[in-house]
Peer 1: 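Below you'll find the structure I mean.
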Amino acid sequence: VVVPGASAWYTPTSTPRSLANDAVAGPFQLGFPLAYPGGSATQVRVSSNGFVRAGSSADSGCCFGNPIALLQGEPRWCPLWTDLDPSIGGTVQFDTDPQNGAAYVTFTNVPEAGTANVSTFQLAFFSSGIVEYRYQACAVGDHIALTGWSPGGGGRDPGPVDLSTAVPIQTGTDASPLQLTAAGRPILGTGVVMTASNVPVAAPVGVFVGGLTQQLQGLDLGAIGMPGCRQHLSLDAALAFVPAAGAGSFTFQVPNLPALSGVHVYLQAAVVAAGVNALGVLTSNGVDLLAGMN
């Protein structure tokens, strides 16, 4: 939910960070776990170009606010993503306020690259999960500026929004469902690569499960905190995986035994993903592998 806020400003007291042009500083410890849709963070990195990221990337986002990169990259808060250059003026500071469960990133009179324009703004992170964008005087004339937030990982672009007139704004789930696919047919004596895709970017672990019995209608898992998710098979075997780049895979080996021709094996994937539902677990569709000789 995006809502207008009251006028507020935290006066930074920390030593200004030495931040070059098109550079990233950090990681900085927030002092608390910051929950956001799709994950959580305990530390952040600050780009000289006016955004803060959860993750390990050293990409500074030069030299303008890029909606595609915002949607596809790591989780990112962008109060004023544009081409800023703190190496020639102004300050960038990171402060924590443990007593109030808060952390602050403050840009003060930081110039727009190649111009005399300067901007002063602040991000305020709170242990409650609230993040505030705070502005004083800001001026950008020669570069595209982007204000926004994205959990990254390949979300869909909702299009531009005029924040001066549109707030309050409430968004819904913006993610494709967890999907399990088979790369080929389960022919005896071969291997079939099974891939779980659309894995949430912050999911730390997943599991492939297999069974010999199908749940025809799918067992509704809403009662255990997974509304909209279903169990499509008996839980006879499991194989854990660590997702990478939004996916995980393994090769299902089909023994070369004629007696297995016509046997069904049912597979499904699940991933742990904080915040997606009460239990923090998603399930995929089910896949029916029917072994055959050709």
Side-chain angles (χ1 to χ4, degrees), residues 1-5 8 10 24-47 49-57 59 61 65-81 94-98 100-106 121-134 146-158 161 163 167-178 198-206 225-228 243 245-246 271-282:
V1 178
V2 182
V3 296
Y10 176 86
V24 174
F28 300 114
Q29 300 299 322
L30 294 170
F32 51 83
L34 175 71
Y36 57 81
S40 66
T42 58
Q43 61 185 26
V44 294
R45 287 173 167 80
V46 179
S47 169
N49 290 313
F51 63 80
V52 174
R53 176 194 284 119
S56 59
S57 174
D59 180 9
N66 186 331
I68 295 176
L70 174 62
L71 292 165
Q72 295 181 349
E74 295 175 327
R76 184 169 6 201
W77 296 264
C78 310
L80 190 67
W81 181 6
F94 178 83
D95 293 82
T96 59
D97 181 7
N100 294 308
Y104 302 90
V105 177
T106 307
F121 56 93
Q122 184 174 81
L123 284 89
F125 297 98
F126 296 96
S127 58
S128 63
I130 291 173
V131 179
E132 295 182 357
Y133 294 178
R134 301 170 173 180
L146 185 152
T147 296
W149 141 259
S150 172
R156 295 182 293 274
D157 186 356
V161 175
L163 295 178
V167 291
I169 302 166
Q170 182 167 347
T171 64
T173 302
D174 184 23
S176 300
L178 184 65
N198 300 328
V199 178
V201 65
V205 67
M226 298 170 61
V271 296
V272 174
V276 295
N277 52 39
L279 188 63
V281 178
L282 290 177

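Source: prediction; values computed, not measured.
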Peer 1: Please identify each residue that fulfils salt bridge (charged side-chain N to carboxylate O under 4.0 Å, His left out) with R53, with sequence neighbours left out.
Peer 2: E74
Peer 1: Side chains of V44 and F94: does their closest heavy-atom pair fall under 4.5 Å?
Peer 2: yes
Peer 1: Supply the atom-to-atom distance F126 CZ to L30 CG, rounded to the nearest 0.5 angstrom.
Peer 2: 12.0 Å
Peer 1: Between CG of L146 and CZ of F51, what distance do you get to the nearest 0.5 Å?
Peer 2: 10.5 Å
Peer 1: Kindly give the heavy-atom pair with the smallest separation between A69 and W81, and that separation in Å.
Peer 2: CB-CH2, 4.0 Å
Peer 1: Just jot down the side chain to side chain donor-acceptor pair (under 3.5 Å) partners of R45, sequence neighbours excluded, or say none.
Peer 2: none
Peer 1: Does the side-chain contact (heavy atoms from CB on, under 4.5 Å) test come out yes or no for L178 and V199, once each step is laid out?
Peer 2: CA-CA 6 Å; L178 184 65; V199 178; 3.7 Å; yes
Peer 1: Taking all atoms of both residues into account, what is the closest heavy-atom pair of P200 and A273, and its distance?
Peer 2: CG-CB, 3.9 Å
Peer 1: Please state whether the rings of F125 and W77 are parallel, tilted or perpendicular, taking 30° and 60° as the class boundaries.
Peer 2: perpendicular
Peer 1: T147 side chain to P79 main-chain N or O, any donor-acceptor pair under 3.5 Å?
Peer 2: yes
Peer 1: Distance from S127 atom OG to L34 atom CG, nearest 0.5 Å?
Peer 2: 9.0 Å
Peer 1: Short question: side chain of N277, backbone of V281 - any donor-acceptor pair under 3.5 Å?
Peer 2: yes
Peer 1: Evaluate the side-chain proximity of L123 to Y133: yes if any heavy-atom separation is below 4.5 Å, no if none is.
Peer 2: yes
Peer 1: Please check if the side chain of S40 supplies one atom and the backbone of P33 the other of a donor-acceptor pair under 3.5 Å.
Peer 2: no
Peer 1: Between T96 (side chain only) and P98 (backbone N and O only), is there a donor and an acceptor less than 3.5 Å apart?
Peer 2: no
Peer 1: Tell me every residue that passes side chain to side chain donor-acceptor pair (under 3.5 Å) with T106, counting only those two or more places apart in sequence or in another chain.
Peer 2: Q122
Peer 1: Where do A203 and V271 come nearest, in terms of heavy atoms and distance?
Peer 2: CB-CB, 4.4 Å
Peer 1: Step by step, would you call V131 with Y36 a side-chain contact (heavy atoms from CB on, under 4.5 Å)?
Peer 2: CA-CA 10 Å; V131 179; Y36 57 81; over 6 Å; no
Peer 1: Quick one: closest heavy-atom pair of F121 and G50, and the distance?
Peer 2: CZ-CA, 4.0 Å
Peer 1: What orientation do Y104 and Y10 show, parallel under 30°, tilted 30 to 60°, or perpendicular over 60°?
Peer 2: parallel
